[in-house]
2 protein chains.
Amino acid sequence: MIEAAKHKVTVIGSGNWGTTVAKLVAENTRDHPDIFEKDVQMWVYEENVILAKDSPHYDAAVGDAPQKLTSVINTHHENVKYLPKIALPTNVVANPSLVDAVKNSTILIFNLPHEFIGNICKQIKGHILPYARGISCIKGVTVTDDKIELICEFIGEALEIYCGALSGANIANEIANEMWCETTIAYNTPPCDLVNGTARNGAAVEEHRDSRGQVITTQLTPIPKNYPTLDHDEFHKLFNRPYFTVAMVSDVVGVSLGGALKNIVALACGFVEGHGWNMTAKTAVMRRGMLETIQFAREFYPETIQEKTFWEESAGWGDMIVSCTSARNWRYSKMAVERGVSIQEIERTELNGQKLQGISTSREVSSFLRARGVEDKYPLFKLVDGILDQKVNVEDVPKLFRK
Amino acid sequence: MIEAAKHKVTVIGSGNWGTTVAKLVAENTRDHPDIFEKDVQMWVYEENVILAKDSPHYDAAVGDAPQKLTSVINTHHENVKYLPKIALPTNVVANPSLVDAVKNSTILIFNLPHEFIGNICKQIKGHILPYARGISCIKGVTVTDDKIELICEFIGEALEIYCGALSGANIANEIANEMWCETTIAYNTPPCDLVNGTARNGAAVEEHRDSRGQVITTQLTPIPKNYPTLDHDEFHKLFNRPYFTVAMVSDVVGVSLGGALKNIVALACGFVEGHGWNMTAKTAVMRRGMLETIQFAREFYPETIQEKTFWEESAGWGDMIVSCTSARNWRYSKMAVERGVSIQEIERTELNGQKLQGISTSREVSSFLRARGVEDKYPLFKLVDGILDQKVNVEDVPKLFRK
């Protein structure tokens, strides 16, 4: 008789969004003790913080002395640096050691800036369970002239595990404050993990294919039978909250591409609105952006494209609308046009070292399309690239739409 | 040899939106003298206006004496009452006689409040060319417990002509000011009007069906051969402007239902936003509203539904977004929640006798669904109806979305 095991969860990353996800996941591990271990490990890039005198956590005995961020989080249950004023469940355990944080976890949630993911994977390779499964909250894709790679598949290949993706019309601070919204999780349950469906035991199942349509099942290590199944229902239980409505799908391509390409469209919307056009014009740009996004998916993922993800899910139209009306890429591109400067200038002067994802995505996608000679089939994406190069005027936007 | 004829255009209605459409159509008849007669008749419900002393059109000789609105429009080329400060092309001819305005016109553009259309059709019946064609800019549908009827088809049946529909993410004042946006025109060219395609002359053509899938071709009088064809290209030339991008489709059902049901969704969005939720929550409501709209189309127009109109066209997602972020139904329902009063109260106190389309559409659609026992399949539509009855709280919105 093998001892029954529960799924152990680690959140890798503890910024604004990472801490928010750790909070909601920890609320759920507490509510579902039959499936999950209660404590949720959160890997924190260690740094020193100094608590202000007016902080409720200020301790006169410590005074102005720097404290470790992990120890502040574990003592006061608040990420004072990246998610201040939000009480975290006491079962969120901040851990400064990446290797220790992922140890024995069956569920790894990746939630950190895009540019760090390669290095993180290198550090944990060999230290995770071979049957761990991942969810990437890092939106998007990596695009070079040679290829496009979904971030979740990059993680999956680097670690030899299966990794799904979470994306939706989400703003971290709102969710941290338990303001209701919804999201989409794409998880293509590997047949070797199924129980009531078929496999887990080597029984014949339908082939499992990656986003290119290639069979990948055989590379994965099955989750041992003493663990509860890990399928859509369990991920729904892990992420869904009364204030965070989760829809489960199996289309990692749609969820990942939607999360990436909408940033280009958001830049275009900011340009248009900064120029003085209103919501009606912006809506036209969003509509065109969605059509080019789906065309992109259809052209480069013809084997696996599921168009309805874009039309119907929060990771599709939902995220597009929020990104083009309330989020960073839109806000700063609008500011650039209003101030008569380039968006790169705004990025330098206003963003305190942070980068606008839309700029790099636009650059990479445009270069990828040019390398294939198909950039003219994507006039909105091309236009944004031209505006970034200061070769095209925003006034030219309506020309795209004229017959 | 028959003398070559040109299409004569009449706009029936001269409010804010009617005058805007007359303006853009008249710019196009002027630009396409090969197809259209230059002058565009605009029927104006005659009333007296008194020009203010600071009006550029004030005439000391006339002073404060009331003047006919039609004569002010035809003298000063401005609809001082309903579209002030917008210069109209001189070929917009205001006409106080409905019967005279429609005489000999091959193209009738209907653009007046929804509730007047029955009476207008009665008045012009017998006074129009039997081969006239219509475009309805009146968004929507008429719903009773017995049936749903598209406004454009109501017009078509009342006058025994074919009538298409125009709808999109449009705000009249912005278009009047030539701020760019786009729209959708649904026109299902009757085979008897085709030239290069097939018919015009009794030759065999594919059957032409109405929104219920019934053959209607034989009821229509073909446009005489001395007129230019009247097909998508010609309507595109009549409506498309550099600031107004037109997409032609053939799906009158999608365009009409999109234009009607989005008003229910806009009320829901106002309720949600008035309650303090942000764009991410509103986006979830819009997404659900679009899914119920398409479900409605699929259930009640199964023969002719073309889902992509909703997903891809300005009359679909485009109009949904604008209606839920910038337009009347949304604005006043938000105000109602913020002030803690019913929306009916806001309608009475803030709207100066005007009606909110969303309220009557919600009432009619809910009653129609109840009469069929399917209201539970449309939880968002049902919720709005319940809020209008003050039987449901806005706080209950997220419950709709929980699994």
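All heavy atoms count here, side chains included; hydrogens, waters and symmetry mates do not. Below, chains carry the letters A, B, ... as their sequence lines are ordered, and counting in each starts from 1.
- The two atoms that bring A:W180 and B:V397 nearest to each other are CZ3-CG1, 3.9 Å, heavy atoms only.
- For B:D251, there are no salt bridge (Lys or Arg N to Asp or Glu O under 4.0 Å) partners at least two apart in sequence or on another chain.
- We find that A:R287 and B:E182 are joined by a salt bridge, their nearest charged nitrogen and carboxylate oxygen being less than 4.0 Å apart.
- Among all heavy-atom pairs drawn from B:A281 and A:C181, the shortest one is N-CB, 4.5 Å.
- Below 4.5 Å, heavy atoms of chain B meet heavy atoms from A:N170, A:I171, A:E174, A:M179, all part of residues 170-179 of chain A.
- In this structure, chain A has heavy atoms under 4.5 Å from both the backbone and the side chain of B:M279.
- Listed by sequence position, B:W317, B:G318, B:I321, B:V322 are the residues of residues 315-324 of chain B in contact with chain A, using a 4.5 angstrom heavy-atom cutoff.
- Counting heavy-atom pairs closer than 4.5 Å to chain A, the top-ranked of the candidates B:T283, B:V272, B:T325 is B:T283.
- Closest non-hydrogen pair, A:P398 versus B:P242, comes out as CB-O, 4.4 Å.
- The greatest number of non-hydrogen atom pairs below 4.5 Å with chain B, out of A:R288, A:E307, A:E313, A:K282, is found for A:E313.
- Taken to the nearest 0.5 Å, the CH2 atom of A:W311 stands 9.5 Å off from the CD1 atom of B:I294.
- Shown here are the side-chain hydrogen bond (donor to acceptor under 3.5 Å, both in side chains) partners of B:S314, two or more places apart in sequence or in another chain: there are none.
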